[in-house]
Novice: 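To start, I am sharing the structure in question, which I have written as structure tokens.
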Amino acid sequence: MSAAHPVILVVNAGSSSVKVSVYTVPEAAHDNADINPVLSAHGQIEGIGVAPRLRASMADGHVVADESFPVSQVADHDAAFRLVRLVLSVGLRDNPPVAIGHRVVHGGSDFAQAVRIDDDVIARLEALIPLAPLHQPHNLTAIRAVRKAAPDMLQVACFDTAFHAGHDMLAQLMALPYAYYERGIRRYGFHGLSYEYIARRLSQVAPDLAEGRVIVAHLGNGASLCAMRNGRSVDSTMGLTALDGLPMGTRCGSIDPGAVLWLAQQGMTADAIQSMLYGESGLKGLSGVSSDMRVLLASEAPRARLAVDFYAYRAAQEIGKLAVTLGGLDALIFTAGIGANSPPVRSRICAHLETLFGISLDAAANEENGQRISSNASRVPVLVLPTDEEGIVALSTARMMKACGKG
Ligand code: ADP
């Protein structure tokens with residue numbers, strides 16, 4: 001790691017994990033050149049409160065930590081964040097970070113771009129906790145922990161909602177009484193950091209496609225689709241919260257709101273319904289086997305197969321819906337854990353799209369997770385592009401650092 005270049009940290013605090021990445025920020029080649037932060041190390045702790053495991057490695061793959069901890073030592077996100085920072089700080093002693101960028105799930109209608117964090121920003125983000133109960137509190141825990149330990153540290157919040165901020169009114173509305181829209185009860189969309197990265201990447205690898213009508217399928221533990229025109233988001237399958245749209249690992253995706261009413265009328269509390277919709281539904285709830293796609297694909301259980309079939313059916317249906325929004329389809333992109341690594345899931349989704357869109361896959365390219373996996377005969381090109389949400393947070397943080405004259 002070069003001591004001459006400023007260092008920034010990127011923090012991605014999930015529901016049961018904290019990931020911290022270290023980037024160095026080289027000088028831009030000239031005044032108008034964009035900054036290009038370079039990953040130098042990554043640490044993460046998973047299984048917080050259940051079976052904490054810390055792993056940290058340098059960008060060249062050299063492992064600096066791989067250790068399990070008793071739950072009592074890493075009982076919450078605060079402890080996890082301190083531990084990861086401690087491990088990574090060994091290599092940072094001579095060059096401490098000048099800024100920290102956070103992935104923050106919900107920016108509501110207040111934040112359409114990355115923002116420097118102060119007390120007012122923290123208060124606004126706290127008000128959004130009910131709209132992202134699984135993620136927002138943990139994002140804020142990391143922010144507060146840094147503010148306490150280093151009050152002058154430049155902290156930047158980068159939002160999963162921001163990339164979707166320009167959506168047309170029609171894409172934002174839900175047909176509730178209009179007063180609720182004005183109170184912020186509207187469709188925002190999520191996974192925006194991933195989509196922003198994919199939009200940039202597509203403009204590098206296939207600029208002709210990037211200008212067109214593109215649907216990106218971010219299929220990870222969370223899953224959504226984004227419809228883009230000329231690199232800008234025009235609609236997404238996620239809405240007010242990250243529950244909407246596609247079925248996910250443990251989240252339900254779109255369901256009839258009448259089902260929620262029915263659960264409440266049976267006497268379930270709001271908290272119990274929330275736990276079920278966020279944590280016990282989706283692939284896990286349908287299969288009764290696992291939320292993990294790899295486990296389901298390897299399972300012989302009939303309901304594991306049913307869950308995967310439903311997943312592919314719903315993804316294809318929503319692709320059709322977004323193609324209507326775009327008025328056609330010039331490219332389909334798969335990304336995230338499942339999207340970038342699972343040939344059988346991609347082929348099951350694309351099988352549904354053959355008749356309507358003329359999509360066909362090149363079986364060998366799909367099997368190898370190649371970059372272009374559609375066949376020559378396919379009317380719509382299909383690509384696989386791994387995502388890099390942390391890289392986008394690093395870029396926004398580095399830009400803010402320069403704008404603030406730090407580093
Ligand atoms: P997160 O949303 O937590 O960042 P990821 O993007 O890492 O999640 O995606 C996790 C999902 O990706 C899991 O369902 C996992 O099974 C799946 N996945 C990862 N690698 C593969 C693979 N080789 N084949 C099938 N699924 C995979």
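These numbers come from a predicted model, not from an experiment. When reading the values below, keep in mind they use all heavy atoms of this one structure, side chains included, and skip hydrogens, waters and symmetry mates. Just follow the structure's listing: the first ligand is 1, and inside any ligand the first atom is 1.
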Novice: More than 12 non-hydrogen atoms from neighbouring residues, nucleotides or ligands closer than 6.0 Å to CD on Glu300, yes or no?
Specialist: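 No - once you tally the heavy atoms of other residues, nucleotides and ligands closer than 6.0 Å, there are 12 at most.
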Novice: Please state which protein non-hydrogen atom is closest to atom 11 (C) of ligand 1 and give its distance, to 0.1 Å?
Specialist: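 Going atom by atom, the protein heavy atom closest to atom 11 (C) of ligand 1 ends up being Ile338 CG1, 3.8 Å.
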Novice: Tell me: protein heavy atom nearest atom 13 (C) of ligand 1, and distance?
Specialist: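 I find the closest protein heavy atom is Asn221 OD1, 3.9 Å.
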Novice: If you look only at pairs with a residue in residues 357-401, which of them pass as a ring-ring contact (aromatic ring centres under 6.0 Å, His included), with sequence neighbours excluded?
Specialist: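 Qualifying pairs: none.
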Novice: Tell me, please: is Gly222 in heavy-atom contact with ligand 1, that is, under 4.0 Å?
Specialist: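 Within the 4.0 Å threshold, so yes.
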Novice: Can you pull the salt bridge (Lys or Arg N to Asp or Glu O under 4.0 Å) pairs that have at least one residue in residues 124-139, sequence neighbours excluded?
Specialist: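 Salt bridge (Lys or Arg N to Asp or Glu O under 4.0 Å) check on residues 124-139 returns Asp110-Arg124, Asp120-Arg124, Glu126-Arg144.
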Novice: Tell me which protein heavy atom sits closest to atom 14 (O) of ligand 1, plus the residue, atom name and distance to 0.1 Å.
Specialist: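 Going atom by atom, the protein heavy atom closest to atom 14 (O) of ligand 1 ends up being Met293 N, 3.1 Å.
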Novice: Does this structure show an ion pair linking Arg147 with Asp119, if we count only N-O contacts that are shorter than 4.0 Å?
Specialist: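 Salt bridge: yes.
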Novice: Do Arg294 and ligand 1 have an N or O pair less than 3.5 Å apart?
Specialist: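 Checking ligand 1 against Arg294, an N or O pair does fall under 3.5 Å apart.
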Novice: What is the nearest protein non-hydrogen atom to atom 16 (O) of ligand 1, stated with its residue, atom name and distance?
Specialist: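 Answer for atom 16 (O) of ligand 1: Asp292 OD1, 2.4 Å.
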Novice: Of Val382, Asn369, Asn341, which meets side-chain contact (heavy atoms from CB on, under 4.5 Å) against Arg346?
Specialist: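 Looking at Val382, Asn369, Asn341, the match for Arg346 under the side-chain contact (heavy atoms from CB on, under 4.5 Å) is Asn369.
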Novice: Could you work out, for atom 22 (C) of ligand 1, the closest of Val345, Asn341, Leu297, Asn369 by heavy-atom distance?
Specialist: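 That would be Asn341.
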Novice: Hey, do the aromatic rings of Phe159 and His106 have their centres closer than 6.0 Å?
Specialist: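 Distance test on ring centres: not under 6.0 Å, no.
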Novice: Any N or O on Lys19 sitting closer than 3.5 Å to an N or O of ligand 1?
Specialist: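 No, since none of the N or O atoms of Lys19 sits under 3.5 Å from an N or O of ligand 1.
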Novice: Could you check which of Ser194, Gly337, Gly14 puts a non-hydrogen atom nearest to atom 12 (O) of ligand 1?
Specialist: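 Answer by nearest heavy atom: Gly337.
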Novice: Could you report the tightest heavy-atom contact between Ala99 and Thr397, atom names first, then the distance?
Specialist: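 What the structure gives for the nearest pair is CB-CG2, 3.9 Å.
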